[in-house]
Student: 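Let me begin by handing over the structure; questions about it come next.
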Amino acid sequence: MAFDYDKYIRPGKLPHIWCPGCGHGIVMKGLIRAMDSLNLKKEDTCIVSGIGCASRLPGYIDCCTLHTAHGRAAAFATGVKMAKPEMNVILCGGDGDGTAIGGNHFIHACRRNINMTYIIMNNYIYGMTGGQFSPCTPTGAKASTTPYGNPDPGFDIAKLAIGAGATFVARGTAYHAAQIDKLIAEAIQHKGFSVVEILDDCPTTYGRRNKYRSVIDMMNRLKEVAVPVKAAEKMTAEQLEGKVLTGVLHKVEKPEYTEEYAKVIQRAQAAK
Amino acid sequence: MAKKVAFLQGNEAAAHGALYAGCRFFAGYPITPSTEVAEVLSAELPKVGGKFIQMEDEIGAMAALIGASLTGSKVLTSTSGPGLSLKQENIGYACITEVPAVIVNVMRGGPSTGMPTGPSQSDVMCAKWGTHGDHPAICLVPASVQELFEETVRAFNLAEKYRTPVMIMPDEIVAHMRERIVFPEPGEIEVVDRKGPSVPPEQYKPYDTSFGDVPPLAAFGSGYKFHVTGLNKMQDGFPTTKAEIVQAEEERQVRKVEANKADIMKWEEYLCDDADVIVVAFGSTSRSARFAVNEARKNGIKAGLFRLITFWPFPEERLLELSKKVKGFITPEMNLGMCTGVVKGCIEGNAPVLGIFRVDGEPINPDQILDKMKEVK
């Protein structure tokens, strides 16, 4: 029997705003399958986002949903989780929202290791505003504000998250749809701050400026650059040139923030 | 039983006022001269099972505050000028999403870094016009440590009652002075909690105006699922660009404060009944003004003090009334004429308004006010 997505979709809120060929819908379906596999109660789950195409995702899902200001999802979500640690808190958004204007909140959520899951849909571009370059746009690529090619070097979101202290970091792609729900489910189950980067595509504002003639070309690119971490172990540096590792990249156990704060409360009350 | 008495600093009193009001969540970022509010609450909140978090920046602190408030907590942050500038983004978010939050902003010299340890009263316009777009504004300006405690309780009550952010703005002198304070007993000052939903989850809409201009607010994690967005929204919380809905919602958001001004506004009239000259002042400046008024009366000048306790909404109607029978107003303030402009704007030219402006980090002293009184003919 086909999977019933309607269980988690708000009645009357579709169609979504995303362009034909955009991968965000694939990610949303992966998130819904992950939530279903873990049996997350909708009323105890809060989905928080910032601003941008990817940040419109929470509006479609039938949970407690918080569409915040540009870049601030991690900070709003931290308030929700601190005040009510028993809630499942999931964040989503794009690469510009999360790593440019929201970069500070992102690295500090990683550092605190607060038990939330952040899904970053990385399509290398600011889509909603018409295709300006983001901190993840490849050097040399064309964007509406880099007509002569992008002079900026880009972020590796996964490495940034690991460096900042996130205890679970995974990467998938919109092409590898069947893997997305498994990565997100494992991230939600992990106790601590988990980051799932999904390499995505924006045919409308990135593809057409960068010689991807069709959505299929963009999907093929995701297929070609992705190398599962296990497979990469057997490959040479030369073979890995230009490739991107996918799967669970980092998983460690560290004290979780709301549990540590519960100890602060215990100490304060013992000293009273 | 004798009441609990203490010798407290203004910022400490604000923190204790918050606890009295039922505050259970604080998010902030260190900034002079407001940091003591955060320090006290970092120690006191966990004792009552509350949460304290020091965020990575001022913007994040205001964001976390709104997130926590949406789970049903009463929330506070404290800041000062440069921090207030940064918080404006999410103060606007709290306005449009109608989420209760209290912001203590200790006024120091500005703009920018300005004079971090010097007193000022130059943020009162920022309280109303700081964040972009039309929105309601409530700003309280206490003048003593006792009043800072009590007005902090009232700030929470107003935030919860009207579903809106409320600012309490002591100047640095009020925030850092130490005075005797008498703690009210529990129940002695009214404490207001936000109105929760009376309908089952499947019927709940976060901006349901069939309940009036201030719709009930459910808590995340209480069985109610709903959507919150900073976009212009419909009654069910989802975004809209429909002209008539946006217009009606924007007007309602402002109206819920403007139509309830009588409940929100607070001021003190001291010797104003027969006054020829009225000093309009607030915060620590009002203390110099009271001294000056008493001195003037000794010298046969019929002086009075109109002390603002609420700066926004501003008591325009009352000042217009008074303007019809006085020879002039004096408006001493630690800025370059913010209150003066508002007074001029509401008295329809009935009387001269003589400002005394200091932005040098020094308080306005009574002599300056007494001298100015001589200019009122």
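Here is how names work: the chains are called A, B, and so on, in the same order as the sequence lines, proteins then strands, and each is numbered from 1.
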Student: Under 4.5 Å heavy-atom distance to chain B, tell me which part of A:Arg111 shows up: side chain, backbone, both or neither.
Tutor: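 Looking at A:Arg111, nothing touches chain B.
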Student: Hey, is B:Glu98 close enough to B:Lys233 for a salt bridge, meaning N to O under 4.0 Å?
Tutor: yes
Student: Which atoms of A:Met82 are under 4.5 Å from chain B, going by heavy atoms: the side chain, the backbone, both sets, or neither?
Tutor: both
Student: At a heavy-atom distance under 4.5 Å, which candidate from A:Val264, A:Thr68, A:Asp44, A:Thr78 has the highest pair count against chain B?
Tutor: A:Thr68
Student: Taking every heavy-atom pair that is under 4.5 Å apart, which of B:Gly67, B:Ala63, B:Ala218, B:Gly49 has the most such pairs with chain A?
Tutor: B:Ala63
Student: Pick one of side chain, backbone, both or neither for A:Lys13, based on which atoms fall under 4.5 Å of a heavy atom in chain B.
Tutor: side chain
Student: Counting only non-hydrogen atoms closer than 4.5 Å, does B:Phe52 touch chain A with its backbone (N, CA, C, O), its side chain (CB onward), both, or neither?
Tutor: both
Student: In terms of heavy-atom proximity below 4.5 Å to chain B, should A:Arg112 be classed as side chain, backbone, both, or neither?
Tutor: side chain
Student: Can you confirm whether more than 12 heavy atoms, excluding those of A:Gln269, are under 6.0 Å from its CD atom?
Tutor: yes
Student: Counting heavy-atom pairs under 4.5 Å to chain A, which of B:Phe226, B:Tyr224, B:Phe220 comes out on top?
Tutor: B:Phe220
Student: So what's closer than 4.5 Å to chain B heavy atoms on A:Asn88: side chain, backbone, both or neither?
Tutor: neither
Student: Just give me the residue among B:Arg24, B:Glu44, B:Lys47 that pairs up with chain A most often, heavy atom to heavy atom, under 4.5 Å.
Tutor: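 Answer, by heavy-atom pair count under 4.5 Å with chain A: B:Lys47.
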Student: Give me the atom names and distance for the closest heavy-atom approach of B:Leu65 to B:Ala27.
Tutor: CD1-N, 3.9 Å
Student: Can you see whether A:Tyr261 has B:Lys51 sitting over its ring - NZ or CZ less than 6.0 Å from the centre and within 45° of the normal?
Tutor: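 No, B:Lys51 does not lie over the aromatic ring of A:Tyr261.
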Student: Side chain, backbone, both or neither: which part of A:Cys63 has a non-hydrogen atom closer than 4.5 Å to chain B?
Tutor: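 Answer is backbone: N, CA, C or O of A:Cys63 sit under 4.5 Å from chain B.
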Student: So that I can tick it off, tell me whether A:Glu259 and A:Lys191 are bridged by a salt bridge, with the cut-off set at under 4.0 angstrom between side-chain N and carboxylate O.
Tutor: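 The answer is yes: the pair qualifies as a salt bridge.
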Student: Assess, by modelled atom type and distance only, whether the side chains of B:Gln253 and B:His135 contain a donor and an acceptor separated by less than 3.5 Å.
Tutor: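 The answer is no; no qualifying pair exists.
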Student: Indicate whether any N or O donor in one side chain lies under 3.5 Å from an N or O acceptor in the other, for A:Thr117 and A:Ser194.
Tutor: yes
Student: For A:Glu253, does the CD atom have more than 12 heavy-atom neighbours from other residues, nucleotides or ligands under 6.0 Å away?
Tutor: no
Student: Using heavy-atom distances under 4.5 Å, tell me whether B:Leu70 contacts chain A through its side chain, its backbone, both, or neither.
Tutor: side chain
Student: Can you say whether B:Phe238 sits under 4.5 Å from chain A via the side chain, the backbone, both, or neither, judging by heavy atoms?
Tutor: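 Contact with chain A involves the side chain of B:Phe238 alone.
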Student: Could you look at B:Ser73 and say if it's the side chain, the backbone, both or neither that has a heavy atom under 4.5 Å from chain A?
Tutor: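 Looking at B:Ser73, just its side chain touches chain A.
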Student: Which one wins on heavy-atom pair count under 4.5 Å against chain B: A:Cys46, A:Gly59, A:Gly71?
Tutor: A:Gly59
Student: Quick one: are A:Ile119 and A:Ile90 in side-chain contact, heavy atoms under 4.5 Å?
Tutor: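 Side chain of A:Ile119 against side chain of A:Ile90, heavy atoms only: contact under 4.5 Å found.
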Student: Could you check which of A:Ile61, A:Thr258, A:Ile107, A:Asn104 has the highest count of heavy-atom pairs closer than 4.5 Å to chain B?
Tutor: A:Asn104
Student: Would you mind checking which part of B:Glu89 comes under 4.5 Å of any heavy atom in chain A, side chain (CB onward), backbone (N, CA, C, O), both or neither?
Tutor: side chain
Student: Run the salt-bridge test on A:Asp62 and A:Lys7 with the 4.0 Å N-O cut-off and return the result as yes or no.
Tutor: no
Student: Under a 3.5 Å cutoff, is there a donor and acceptor pairing between the side chains of A:Glu197 and A:Asn122?
Tutor: yes
Student: Quick one: what part of B:Val48 sits under 4.5 Å from any heavy atom of chain A, side chain, backbone, both or neither?
Tutor: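 Only the backbone of B:Val48 comes within 4.5 Å of chain A.
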